[in-house]
Amino acid sequence: MGEALNQFVSEAQGLAAHFEPHTVFSIGGWDVTQYVVWLFIALAVTFAVVLISAKKLQLVPTNKFFNTVEYGYEFVNKSIAEDVIGNGFKQHVPFLATMFFFILICNILGLIPGFKTATGAISCTWALAAISFVYFNYYGLKKFGFIGYFKNLCPSGVPGPMIPVIWFLELFSMVIRVLTLAVRLYGNMLAGHMMLAIFGIATTCFIQQALFAGSMDLIAGLPSIAWFVLLVLMYAMECLVAFIQAFVFAILSASYINTATHAH
C-alpha cells in the first residue's frame, strides 16, 4: 500500500508538465504547440461535421448523428440567440452556432484518450474570447456609431454626478469580458482534465501494486476500485462539462451582443 502511494505521489507531482504547451514544429519564427495543432484538428472536424450534416438535411431526419447536429443548431437558434438577443437575433445565429459547435468539438476531442483539448490552453481560449469581443463590439459600433456606442454604455436615467462613475465601470466591465470568457473556459477544461489524470494515475498505481507486487499486497488493489469508480464518474461529469462550457461561452457571447446592440 505504501509503495503504491509513493508511486502515485511521485507521478502526480510531475503531472503539470504534461499540460504545458510544447513546440511541435516551427514555421518561420512561429512556434506551433500541440494545442495549436489540436485547434486546427478541431477546426477540420467542425467543418466536416457541418458540411456533411448540411448535405444530409431531411424534412424528417432518420440518422441519429445528423439529427443531433440539427437539434444542436436549433438549440442555439432558440435557446441562446432568440431568448437572449431577442429582436434581430437571426443575423447572429451563424456566429453563435459556429462558436458553440467548435468549442464543443474541442472539448469532446480532449476526452478521447491520447488526444488534447485546445481549450485547455489559455492562448487558444484567449483567441476565441478575442473573436467574440471584436464581434459584439463591431455590431455595437455598426448600429450606434462610435460616439453613440460609448455613450450607450451608461444607462439612461442615471443622475448627472454619477454618469462618469457608471460610464467608467461599464467600460471596464465591457473590456474585462475578453478576460472572463478566456479564463472561465480555460480554467474549467484544464482543471477537469487534471482531475481525470489524477484519478487515472491513482487507479493505475494501485492496480499495478496488486498485480505485480505479490499475493501479500493484493489488498493494495482494493483502493483502485474506489479510484476507478471516481474516474468513471469524473469522466461522465467532464462529458457534461464539455457541453456546458460550450453553452456558457455561446450564451455569454449572446448576452454581450444583446448589450452592445440594444439601447439601455
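Hydrogens, waters and symmetry mates play no part in the numbers below; they use all other heavy atoms, side chains included. Predicted model only: the values in this text are computed from it and were never measured.
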State which residues pass side-chain contact (heavy atoms from CB on, under 4.5 Å) with [X]; sequence neighbours excluded, sorted by chain then number.
{"X": "Leu230", "value": "Phe199, Trp227"}
{"X": "Phe25", "value": "Ile27, Val32, Val37"}
{"X": "Ala81", "value": "Phe89, Val93, Leu96"}

side-chain hydrogen bond (donor to acceptor under 3.5 Å, both in side chains) contacts in which one or both residues fall within [range], not counting sequence neighbours:
{"range": "residues 229-254", "result": "Ser132-Ser253"}
{"range": "residues 180-202", "result": "none"}
{"range": "residues 96-115", "result": "Asn107-Thr119"}

Grab the two heavy atoms, one from [X] and one from [Y], that are nearest each other, plus how far apart they are.
{"X": "Ser173", "Y": "Ile176", "answer": "O-CG2, 3.2 Å"}
{"X": "Phe136", "Y": "Phe133", "answer": "CE2-CA, 3.4 Å"}
{"X": "Cys124", "Y": "Ala118", "answer": "CB-O, 3.2 Å"}
{"X": "Ile80", "Y": "Ala254", "answer": "CG2-CB, 3.8 Å"}
{"X": "Ile105", "Y": "Ala42", "answer": "CG2-O, 4.0 Å"}

Using modelled atom types and a 3.5 Å cut-off, is there a donor and acceptor pairing between side-chain atoms of Glu170 and backbone atoms of Cys154?
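Judged by distance alone, no pair lies under 3.5 Å.
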Does Ile122 offer a backbone N or O that forms a donor-acceptor pair with the side chain of Thr125 under 3.5 Å?
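Indeed, once roles are kept as given, a pair shorter than 3.5 Å links the two residues.
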Is the shortest side-chain heavy-atom distance between [X] and [Y] below 4.5 Å?
{"X": "Leu111", "Y": "Leu196", "answer": "yes"}
{"X": "Val50", "Y": "Tyr73", "answer": "no"}
{"X": "Leu181", "Y": "Leu185", "answer": "no"}

How long is the gap from [atom1] on [X] to [atom2] on [Y], to the nearest 0.5 Å?
{"X": "Met234", "Y": "Met194", "atom1": "CE", "atom2": "CE", "answer": "11.5 Å"}
{"X": "Cys106", "Y": "Tyr35", "atom1": "SG", "atom2": "OH", "answer": "12.5 Å"}
{"X": "Leu153", "Y": "Leu171", "atom1": "CG", "atom2": "CG", "answer": "6.0 Å"}
{"X": "Gln34", "Y": "Leu39", "atom1": "CD", "atom2": "CG", "answer": "12.0 Å"}
{"X": "Ile244", "Y": "Ile251", "atom1": "CD1", "atom2": "CD1", "answer": "12.0 Å"}
{"X": "Ile103", "Y": "Ile108", "atom1": "CD1", "atom2": "CD1", "answer": "12.0 Å"}

What ring pair (Phe, Tyr, Trp, His ring centres under 6.0 Å) pairs are there with at least one residue in residues 96-130, not counting sequence neighbours?
Trp38-Phe115, Phe100-Phe243
Do Val183 and Val134 share a hydrophobic cluster, counting only Ile, Leu, Val, Met, Phe, Trp and Tyr and linking them when any side-chain heavy atoms are less than 4.5 Å apart?
no
Within one Ile-Leu-Val-Met-Phe-Trp-Tyr cluster: Tyr71 and Leu104, side-chain cutoff 4.5 Å
no
Apply side-chain contact (heavy atoms from CB on, under 4.5 Å) to residues Lys151 and Trp167 and explain how you reach the verdict.
CA-CA 8 Å; Lys151 182 180 179 181; Trp167 185 87; 5.9 Å; no
Between His92 and Tyr135, ring centroids under 6.0 Å:
yes
Residues two or more places apart in sequence or in another chain: which of them pass side chain to side chain donor-acceptor pair (under 3.5 Å) with Asn258?
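Side chain to side chain donor-acceptor pair (under 3.5 Å) check on Asn258 returns His262.
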A quick test of your reading: do over 12 heavy atoms of other residues, nucleotides or ligands sit less than 6.0 Å from CZ of Phe40?
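Open.
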Which pairs of donor and acceptor atoms, one on a side chain in residues 142-150, lie under 3.5 Å apart (sequence neighbours left out)?
| residue | atom | partner | partner atom | Å |
| --- | --- | --- | --- | --- |
| Lys143 | NZ | Thr261 | O | 2.6 |
| Tyr149 | OH | Asn137 | OD1 | 2.6 |

Run the side-chain contact (heavy atoms from CB on, under 4.5 Å) check on Tyr256 and Tyr139 step by step: do they pass?
CA-CA 11 Å; Tyr256 299 155; Tyr139 277 94; over 6 Å; no
Show every salt bridge (Lys or Arg N to Asp or Glu O under 4.0 Å) that has at least one partner inside residues 81-90, sequence neighbours left out.
Lys78-Glu82
